Amino acid sequence: MAAASARPRAAAPRGKAPGPALPDSFFDRDPAQLARELLGKVIRRRLDGLWLSARIIETEAYYLAEKGSHASLGYTHKRRALFMDGGTVYMYYARGGDSLNFSAGGPGNAVLIKSGHPWVDDVSGPDALARMQALNPDARGQPRPPARLCAGQTLLCRALGLKVPDWDARRFDPAEFFVEDVGQAPERLVCTTRLGIPAGRDEHLRYRFVDPAYAAFCTRNPLRRGQQPGRDYDWMDRYGAVLA
């Protein structure tokens with residue numbers, strides 16, 4: 001008889017079970033539409049017997065045909081997830097940290113999850129939030145305030161324990177990592193230019209979308225002092241229509 005495996009089993013998640021994962025068909029759509037529709041959705045990540053959760057508050061859309069995308073540089077094995085069906089996880093290192101993207105409809109198209117905000121509910125309680133803070137302390141090793149815990153693409157991944165080697169080019173796993181609709185879609189949002197796009201690589205395109213209720217907790221607040229609607233950003237509904 002073969003010896004029993006010494007590999008420990010993961011603890012069963014505590015608290016209420018999360019709702020169903022978004023279907024693959026949700027992701028198989030235009031990147032800008034997907035980026036808008038993801039605002040208000042909640043990322044669920046099972047780790048150490050807890051469901052760590054973050055509400056998506058800032059996204060960026062990327063297309064194969066524009067110069068700001070990784071896919072525009074051509075197909076490589078590392079970028080293969082971008083050319084897979086919508087809903088494939090694409091992760092890469094950004095400034096030394098992990099970064100989370102989902103492939104969208106059409107080869108080479110994707111959405112970057114730019115920022116989140118800790119989500120506490122019956123599934124993810126205070127103990128889950130404390131675990132996220134332990135995973136992502138500040139520069140002094142102290143618990144990072146919840147408002148800043150997921151305020152940036154690498155901070156988000158660190159707080160959720162998402163790493164490139166574990167999830168790049170994988171599909172969602174309802175038992176470990178997925179996105180849930182908790183009925184929190186904003187009726188209007190902010191549309192502006194993406195961040196960190198080099199000059200000459202379509203940096204002018206307004207493919208960054210922000211939930212205005214959480215604008216202060218994003219990578220960079222598009223509603224900060226000095227920014228003007230029409231000039232620096234647009235108000236938009238969730239379907240892509242610019243609002244007056």
Side-chain angles (χ1 to χ4, degrees), residues 22 24 26-32 34-39 41-47 52 54-117 132 135-136 148-173 176-179 192-203 205 207-210 218-220:
L22 289 173
D24 291 346
F26 178 89
F27 298 89
D28 192 21
R29 62 177 78 188
D30 175 83
L34 176 59
R36 294 190 299 269
E37 292 289 342
L38 280 168
L39 294 178
K41 305 299 187 289
V42 170
I43 299 172
R44 301 287 194 185
R45 164 69 165 135
R46 181 176 179 259
L47 189 68
L52 313 183
R55 173 177 174 147
I56 299 172
I57 64 172
E58 179 185 16
T59 58
E60 291 181 349
Y62 288 88
Y63 291 81
L64 172 64
E66 48 93 3
K67 298 176 183 177
S69 70
H70 287 190
S72 69
L73 301 174
Y75 179 94
T76 64
H77 182 72
K78 178 63 190 76
R79 301 187 194 114
R80 66 194 184 282
L82 294 173
F83 296 86
M84 295 179 178
D85 291 341
T88 303
V89 178
Y90 171 55
M91 295 192 70
Y92 63 89
Y93 295 111
R95 298 177 295 280
D98 305 270
S99 183
L100 176 65
N101 306 253
F102 306 142
S103 67
N109 299 334
V111 172
L112 167 64
I113 309 304
K114 194 72 175 175
S115 286
H117 194 275
M132 292 171 67
L135 288 166
N136 187 20
R148 306 309 302 170
L149 191 59
C150 306
Q153 62 202 70
T154 59
L155 294 177
L156 172 69
C157 289
R158 195 179 307 154
L160 293 174
L162 295 171
K163 298 183 180 299
V164 172
D166 297 334
W167 289 101
D168 184 40
R170 287 185 58 184
R171 304 292 292 183
F172 295 115
D173 180 347
E176 300 287 341
F177 171 40
F178 64 94
V179 182
T192 186
T193 53
R194 297 170 297 187
L195 301 175
I197 305 297
R201 299 202 65 85
D202 291 329
E203 70 279 9
L205 295 174
Y207 287 163
R208 177 179 168 229
F209 304 95
V210 172
C218 291
T219 309
R220 183 185 300 167

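Index from 1, following the sequence. Here the structure is a predicted model, which means the values were calculated and not measured.
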* To do: Please say whether more than 12 non-hydrogen atoms of neighbouring residues, nucleotides or ligands are located less than 6.0 Å from CZ in R220.
  => no
* To do: Return yes when atom NZ of K78 has more than 12 non-hydrogen atoms of other residues, nucleotides or ligands closer than 6.0 Å, and no otherwise.
  => yes
Mind checking the [atom1]-[atom2] spacing from [X] to [Y]? Nearest 0.5 Å is all I need.
X: D168; Y: K163; atom1: CG; atom2: NZ; result: 14.0 Å
X: C150; Y: I113; atom1: SG; atom2: CD1; result: 12.0 Å
X: L100; Y: T154; atom1: CG; atom2: OG1; result: 12.0 Å
X: L149; Y: L156; atom1: CG; atom2: CG; result: 9.0 Å
X: L64; Y: L82; atom1: CG; atom2: CG; result: 9.0 Å

Testing the basics here: between [X] and [Y], what is the closest heavy-atom pair and its distance to 0.1 Å?
X: I56; Y: L38; answer: CB-O, 3.4 Å
X: R194; Y: E66; answer: NH1-OE2, 2.8 Å
X: C218; Y: R148; answer: O-NH2, 3.8 Å
X: G68; Y: Y62; answer: O-CE2, 3.4 Å
X: G105; Y: P31; answer: O-CD, 4.3 Å
X: Y93; Y: P165; answer: OH-CD, 3.6 Å

* Checking side chain to side chain contact (heavy atoms under 4.5 Å, CB included) for the pair L160/M132: CA distance, chi angles, key distance, verdict? -> CA-CA 6 Å; L160 293 174; M132 292 171 67; 3.9 Å; yes
Output yes when a side-chain donor or acceptor of [X] lies under 3.5 Å from a complementary backbone atom of [Y], and no otherwise.
X: E60; Y: L195; value: yes
X: R80; Y: H77; value: yes
X: S103; Y: G87; value: yes
X: D202; Y: K67; value: yes
X: T192; Y: R208; value: no
X: N109; Y: A104; value: no
X: R45; Y: G161; value: yes
X: S115; Y: T219; value: yes

* Hey, what's the ring geometry for Y90 with H70, parallel, tilted or perpendicular (30° and 60° as the breaks)? ->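 Perpendicular: the ring planes of Y90 and H70 meet at over 60°.
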* To do: Assign the ring pair W167 / F177 to parallel, tilted or perpendicular, where the plane angle (0 to 90°) is split at 30° and 60°.
  => perpendicular
* To do: Measure from NZ or CZ of R29 to the centre of the six-membered ring of F26 and say whether it is under 6.0 Å with the direction within 45° of the ring axis.
  =>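 Yes, R29 and F26 form such a contact.
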* Asked: What about F27 and F172, are their ring centers closer than 6.0 Å?
  -> yes
Less than 4.5 Å apart, side chain to side chain, heavy atoms only: is that true for [X] and [Y]?
X: D98; Y: L162; answer: no
X: L155; Y: R158; answer: yes
X: I197; Y: L205; answer: no
X: S99; Y: Y92; answer: yes

* For the pair D85 and D24, evaluate side chain to side chain contact (heavy atoms under 4.5 Å, CB included) and give the outcome as yes or no after the intermediate values. => CA-CA 8 Å; D85 291 341; D24 291 346; over 6 Å; no
* Can you tell which of I57, L34, T59 makes a side chain to side chain contact (heavy atoms under 4.5 Å, CB included) with F209? -> T59
* Run the salt-bridge test on R170 and E176 with the 4.0 Å N-O cut-off and return the result as yes or no. =>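 Looking at E176 together with R170, the answer is no, because their closest N to O distance does not fall below 4.0 Å.
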* Is a side-chain donor-acceptor pair under 3.5 Å present for R171 with T88? -> yes
